[in-house]
Protein chains: 2
Amino acid sequence: MLYREVKRRLIVDIESGAVLPGGALPNESALARRFEVSIGTVRRAVDELVADHILMRQQGRGTFVRRLDKARFMFQFFKIEGCDGAREFPQVRLHAFSKARATPEEAHILGLRGAASVFRIDNVLSLKGRTVIHDRIAIDADLFVGLTRQTFGQRSGTIYELYQTGFGVTVVGADEKVRAESVDDVSAKILDLPQGTPVLRIKRVARTFDQKPVELRISIVDSREFEYVSSMREHA
Amino acid sequence: MLYREVKRRLIVDIESGAVLPGGALPNESALARRFEVSIGTVRRAVDELVADHILMRQQGRGTFVRRLDKARFMFQFFKIEGCDGAREFPQVRLHAFSKARATPEEAHILGLRGAASVFRIDNVLSLKGRTVIHDRIAIDADLFVGLTRQTFGQRSGTIYELYQTGFGVTVVGADEKVRAESVDDVSAKILDLPQGTPVLRIKRVARTFDQKPVELRISIVDSREFEYVSSMREHA
DNA sequence: AAGTGGTCTAGACCACTTG
DNA sequence: AAGTGGTCTAGACCACTTT
């Protein structure tokens, strides 16, 4: 389990900002010397971080910390696609931004104390020019100090890229629970749906290292022309 | 990529029945001699097959071909759980069994010629004593020669275990697409739901080695008290 | 005690990228 | 040409299971 220790120390380097997103790690022999292990052990630790989508290797160039850019977001976290299988990056519009006391459920899921504050962000996402997703996001205000409607609205990349480069919060995974329900009045208005239309309700808990929850997101999806996809296999 | 070749040859052994589900592989040094590679290369091939849930290693005992038993089915393929996170093996009741011409969609998805036949199997699944899932399964009749309502109904384990031990078809992965819709009349009756209740409609394509599709399954899920869960991370 | 998989090492050689 | 990651080898030593 020596390689586990190496992996842990590499994660510390990433979390602490010693190596920044997009930046290169020292080469394998340097890491082997520093951690006093063989190159094979370094490789095994890096292998896992590559499988976790944390690092990226390029033969002949080096090993880099992956950025949570569009391509990766689409690949790892965006599971809505057209009924014909077409995948497309959604157009995102900020619908509401506020700071408020966490609800008991939010506090419980995000692991906050009772009196904590959260930022609440409502987004409306469009695919093929149609408004099909209504996202309600809640994040710990103490983890994203200084976040404002402006910094959020003016971000250049994905939301998770903003978390990562602006606040040092790297989302590494998420759990989702999906159910069918009749659209509520608020989402019906946003998605321009008749009352009672069946929609998907997706509850996502996004996590950073050590499975620590950092974001709660409820997505309401008009699934008449788009679907939620899930693949159950390891290697593609 | 030598280890890929070793992996391929191990898969041939499994598909051909040279090593049966539950049976042991030769030990690592024997495999290394047979394939004329080093033990490390054998290990890498086996590592991937273990990650794919095809093989299982037990230190001190050996390496075994995994059976598609309940435990594995629950872990890998059954994604419905209670809203409280409780997981339970469903009670399954055979509702209908027939053999018929494949519809164009079935033929396309399963890769059959136009005139092919399929078995159609309707199952009703219960959790916590409540009927919550209606499954409609279609499989290539030419792949499951000799399957009857009796052999199906009298199976001892899971459906996928029957495929594996009875017909040499090992399901190794699946893709699912989920949408919300109003329950149709047939499923409404089976699930005892009022007309128009929102339900999940899950379309699963189960695949064997080389991604070959072997089963098409439509599941209608009453998601009022149960949810579809999906995890987006590599290592647990 | 013998046999199995689990981990780690040390190094050779190759493929690719950069200057 | 020099430096990087990618693959494969050969073997030591450990932990565990079975006999």
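A note on names: the letters A, B, ... follow the listed sequences, proteins ahead of strands, and every chain is numbered from 1. This structure is a prediction, so every number in the text was calculated from the model and none was measured.
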Heavy-atom pair of closest approach, residues Pro21(B) and Arg66(B): CB-O, 4.4 Å
Working to the nearest 0.5 Å, report the span between CD of Gln76(B) and CG of Leu68(B). 7.5 Å
Classify every nucleotide of nucleotides 14-19 of chain D by which part a protein heavy atom approaches to under 4.0 Å, writing B for the base, S for the sugar-phosphate alone and - for neither, in 5'-to-3' order. -BBSS-
More than 12 heavy atoms of other groups within 6.0 Å of Gln91(A) CD: no
For a quick check of understanding: with a heavy-atom distance under 4.0 Å over all strands, which category does Val37(B) fall into, base, sugar-phosphate or nothing? sugar-phosphate
For Leu55(B) and dG5(C), give me the distance from atom CG to atom C1', rounded to whole Å. 13 Å
Crowded around Glu5(A) CD? As in, over 12 foreign heavy atoms under 6.0 Å? yes
Please determine whether the number of non-hydrogen atoms from other residues, nucleotides or ligands lying under 6.0 Å from atom CG of Asp84(A) exceeds 12. yes
Stems for DNA chain D (at least 3 consecutive Watson-Crick or G-U pairs, under 3.5 Å) come to C:1-18 with D:1-18
So, taking the atom named CD1 in Ile218(B) and the one named CZ in Arg201(B), what distance separates them when rounded to the nearest 0.5 Å? 4.5 Å
Ring centres under 6.0 Å, that's the criterion: do Phe119(B) and Phe144(B) meet it? no
Give a yes or no on whether a salt bridge exists between Asp52(B) and Lys7(B), defined as a side-chain N under 4.0 angstrom from a carboxylate O. yes
Under 4.0 Å, heavy atom to any atom of DNA chain D: which of residues 26-36 of chain B qualify? none
Send over the distance from Leu25(B) CG to dT4(C) P, rounded to a whole Å. 13 Å
Report yes if a side-chain nitrogen or oxygen of Ser38(A) is closer than 4.0 Å to either non-bridging phosphate oxygen (OP1 or OP2) of dA10(C); otherwise report no. no
Whole-Å distance between dG6(D) C1' and Asp47(A) CG? 10 Å
For the residue pair Phe152(A) and Phe97(A), categorise the inter-ring angle as parallel (less than 30°), tilted (30 to 60°) or perpendicular (more than 60°). tilted
Arg43(B) side-chain N/O to dG6(C) phosphate OP1/OP2 under 4.0 Å: yes
Less than 4.0 angstrom between a side-chain N/O of Thr63(A) and OP1 or OP2 of dT4(D), yes or no? no
Apply side chain to side chain contact (heavy atoms under 4.5 Å, CB included) to Leu127(B) and Glu81(B), showing your working. CA-CA 9 Å; Leu127(B) 289 164; Glu81(B) 65 176 38; over 6 Å; no
Within this structure, what is the CZ-to-P distance between Phe64(A) and dG3(D), rounded to whole angstrom? 17 Å
Residues Tyr160(B) and Ala206(B): closest non-hydrogen pair is OH-CB, 3.6 Å
Nearest-Å distance for atom pair CZ/P, residues Arg4(A) and dT7(C): 9 Å
Presence of Arg44(B) side-chain N/O under 4.0 Å of dT7(D) phosphate oxygens OP1/OP2: yes
Separation of atom CD1 in Ile39(A) from atom P in dA12(C), rounded to whole Å: 11 Å
